Amino acid sequence: MADTDSVQTAKPGHGNSGFVRLIRDGHNLQTIATLMVLTLMCVLFAVLSDRFLTASNFQNIMRNAAPLIIASCGMTAVMIARGLDLSVGSVLAAASVLAASLAVAGVPLYAAFVLGILFGGGVGLINGTIIAKLSVSPIIVTLGMLNIARGVAYLITPSAILVGLPRNWSDLGTSKLAGLPMPIVIAIVVACLFHVIMSYSTFGKRIYAIGGNEEAARLSGINVPRALILLYVLCGTTAAIAGIVLSSRVGAGDPNIGVGFELQVIAAVIIGGTSLSGGEGRIIGTVIGALIIAVLGNGLNLAGVEPFWQWVAQGIVLIAAIIIDRQVQDGMRNVKKG
Amino acid sequence: MDARTPPSAETARAADGALLAVSGLSKSFPGVRALHNVDFDLKPGEVHCLIGENGAGKSTLVKIIAGVQAPDDGDMQVNGVTASFSGPLDAQNAGIACIFQELTVVDGLTIAENIALGDEPGSFGIFKQSQARKRAEQLLASIGFTDLPVTRLCGKLSPAEKQAVMIAKALRQNTRIIIMDEPTSPLEDAEVRKLFDVIERLKAAGKGIIYVSHKMREIDLLGDRITVFKDGERVATLNRGEATSEDLVQLMVGRELSNMFPAKSHSPGDIALEVRGLTGPSITDVSFDVRHGEVLGIAGLAGAGRTELLRSIFGADIVHSGTVSVDGSRIGANSVIKAIQAGIGLVPEERRSQGIVPVLTVGDNAGIVWDQFPGQRDGASDRTAAVSEIVDLLKVKTPSLSQRISTLSGGNQQKVVLGKWLLTKTQVMLLDEPTRGIDVGAKREIYQIINDFAEKGLAVVLVSSELPELLGLSDRIIVINGGRIVGELPGDVSEEEVIAVSMLHAERKAGTQSNAFQDN
């Protein structure tokens, strides 16, 4: 129970200190709103199932959320710059089967991981270059790449690799560091890194500028194509890391994993408050958005809801999140005017 | 940054005079000779105005100087050193900055961050907020904006404040040459005065300013020298006081435009539009009448609610209470469709985003209301015939009706926007800044069209930030402020009176009651 307590009490504590200051900033208002949705969901599921509010279940949720959080960080950066990457699910699969088959072929495990991650970055480089240099719509480029990378995954291996993986293949997914499962540690590290990039680095300011007003960014002397390419490289990289973490945890290299994952990632980013029209969004929000999706899946499972209904529920949450977001923004605008 | 050393050439050549000298500059685009053998120079501490109709070549010259386009031929010297720019960044590094008409700031970043953008202070890739703030404060103070908190998001700023941010940003590098392209078009009169203060400070600091404008009064006031362009060539460069506004216009258009405004010979008839107690989020208890054949001008500062008032009458903005009647019959609130069916037409403020559908043809744009409202059609029953009649009547310069409207000049696009209401039985025309961004020759034609509307018996409601235009066309003027009517004036008042009424009810800051154009 100790774990749950710390998760639960952290929020009101933050809310009370300097609450007015927090509210004054629209971004924080939005973060608080999503945090409240997450809290409400936790309360609801705690009532529905007595197995929900346990330390082991929370670890379970976090472990499941880890790949989603990792991939969503890269996607957040891309979407703040008014881009989109639909290929993350396929990249995740291709990177993990590539790493798995390299490991089977005798490449040292961590070298195989690194090569898988570099592959993801390479796919991002191709995406970004076509988008930025040839001015093709990101939806079209990454939709094409969604098919290509999935095809590559099947070309590497048409079925799941279960046999011949080194014995330590699953270590990354199952080991612990300082009592925390490794996937969670990796997710926290990636999220912190992206938070620093987006909120404190000069590169981060440029990403917000590109998404908020690309012409202004260009006229400020920012090399917009280069920044965009780097963003898609980051997004491909995080997708590949998510793939490595996921396949290590499930103990296989499977070309079928991650089908539809891109939609979960985009949903997490949008629920977290990143605007589809760019220029706005925060990593903290995305992490909360990913947790909302993970809690939803876990809670509905525990409550005995059929998997098909979980799809429906996820869709409803996504649409509701956007409606709330619009209402909040309109409200803010009216306050400003009035 | 503070530590940056100025380019050495600058100090060496300062005695020589010109900050910028171009000679023999030419630039052609497929089928168009945009610039032909143009000479131009800029001295420290002067405002050099560029005037000319749209397409006369001034934008091309400015783009070449700013490094946005490369010339086909010719020589350019910056501070006495031959320069050839391969992009805007090269021009910036040479000390040339551009303040564009569109306010290119990033709304989601703070003032300090916007000013830092592209040259962010930082170490190891981490953005240094405190340094950025300090620099922003210094730069803003240098142009007289000391009370603007640099941590404020740019999305919360007024157009004038955004412009100040852009100017401050332009100054962060060792900028000597500042290009301002129609800088007053997003501003109101009171804000214009503040901009002119900034320009005075820049001049005093030895900066050279290239000032592009369509507004004669600004040119009269600011221009130390004035260069007139026509058809890609430099027609004349004149010193202050060498030519009257009328002379300049004549040089620009090559024909006499002694009177921009047609004679008002309206004979108002019955009441056409009756607005009673209209109240919405931005307007409060607005009541007025407009008669057939009358032009009613609406004056007020930016944010006074002028646009919202027109949109509320048209059913495009939410109305909480109040009524709108056309020819005595009340129309349902909050419905554009009902407003059009009652005979109201709106020419919106933003031509490109609200007035036209850029991807459609001239014919489809002109017929867009005609198509939707069969019951409202006026005149010919054949669409092509009806549309081409109007296009001819309004002298829209287009190769054909199947030409994409986005390829036409602003003035011709606007004529199509006006024309679409003539295809239907429109009784009341609501015009919101109908000549914004349109060159002098086309403006005059649009003034004529507006006057013809009134003579045809239409009731016209005109919103304009350009007072000469408002006074030149209106039979009567109401002044609004804070969404309320604060005064009504006859059509023959002076600009000063209109400004006095507008400002009297605005914030009573010291000095704001004087007029931006007072010393004229």
Side-chain angles (χ1 to χ4, degrees), chain A residues 21 24-30 79-82 192-227 230 234 273-275 277-282 285 329-338, chain B residues 66-68 87-93 97-110 112-129 131-132 151-158 162 165-166 169-170 172-173 179 280-283 303 305 308 318 482-483:
Chain A
R21 183 179 55 81
R24 215 182 293 146
D25 187 350
H27 298 299
N28 286 326
L29 189 66
Q30 197 161 38
M79 286 176 64
I80 287 172
R82 219 180 202 179
C192 287
L193 202 65
F194 270 82
H195 178 66
V196 170
I197 292 175
M198 296 310 294
S199 297
Y200 299 107
S201 79
T202 54
F203 180 62
K205 300 291 169 208
R206 293 175 173 207
I207 296 171
Y208 281 101
I210 291 169
N213 187 338
E214 190 173 328
E215 181 68 358
R218 201 174 64 81
L219 295 173
S220 301
I222 293 173
N223 188 333
V224 175
R226 197 172 64 190
L230 185 52
L234 286 175
T274 296
S275 158
S277 46
E280 279 171 42
R282 302 209 304 176
Q329 281 189 7
D330 287 354
M332 296 285 294
R333 215 164 290 142
N334 287 343
V335 167
K336 244 183 278 166
K337 263 190 195 169
Chain B
V68 177
L89 208 53
D90 286 352
Q92 278 178 32
N93 290 335
C98 234
I99 310 299
F100 290 97
Q101 196 175 343
E102 292 83 23
L103 297 170
T104 46
V105 295
V106 181
D107 286 350
L109 295 180
T110 66
E113 287 165 351
N114 261 289
I115 289 176
L117 207 61
D119 182 31
E120 302 88 347
S123 47
F124 305 111
I126 295 298
F127 185 81
K128 289 207 164 152
Q129 279 288 356
Q131 220 170 310
T151 51
R152 186 172 289 174
L153 285 178
C154 276
K156 295 182 177 171
L157 302 182
S158 71
K162 285 183 181 179
V165 170
M166 290 174 64
K169 182 170 152 188
R172 74 176 180 202
Q173 289 169 320
I179 300 168
S282 310
I283 55 169
E308 291 81 355
I318 292 286

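So you know, we letter chains A, B, ... as the sequences are listed, proteins then strands, and number each from 1. These values consider heavy atoms only, across backbone and side chains, with no hydrogens, waters or symmetry-generated copies. Just so it is clear, the model here is predicted, and its values are computed rather than measured.
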Discussion item. Quick check for you: to the nearest 0.5 Å, what is the distance between A:Ser220 atom OG and B:Gln92 atom CD?
Written reply: 7.0 Å
Worksheet item: Can you say whether B:Leu117 sits under 4.5 Å from chain A via the side chain, the backbone, both, or neither, judging by heavy atoms?
Response: both
Worksheet item: Below 4.0 angstrom, N of the basic side chain to O of the carboxylate: do A:Lys205 and B:Glu113 qualify?
Response: yes
Discussion item. Restricting to salt bridge (charged side-chain N to carboxylate O under 4.0 Å, His left out), what partner residues turn up for A:Arg218, sequence neighbours left out?
Written reply: A:Glu215
Worksheet item: Between A:Ala216 and B:Thr104, what is the shortest heavy-atom contact and its length?
Response: CB-O, 3.3 Å
Worksheet item: Looking at B:Leu109, B:Asn114, B:Val68, which has the largest count of heavy-atom pairs under 4.5 Å with chain A?
Response: B:Leu109
Response to the item:
Residues B:Val106 and A:Tyr208: closest non-hydrogen pair is CG1-O, 3.8 Å
Worksheet entry | Straight-line distance of B:Glu120 CD to A:Phe203 CZ, nearest 0.5 Å | 11.0 Å
Discussion item. Tell me whether A:Asn213 contacts the main-chain N or O of B:Val105 through its side chain, where contact means a donor paired with an acceptor under 3.5 Å.
Written reply: yes
Worksheet entry | Portion of B:Lys169 that has a non-hydrogen atom of chain A nearer than 4.5 angstrom | side chain
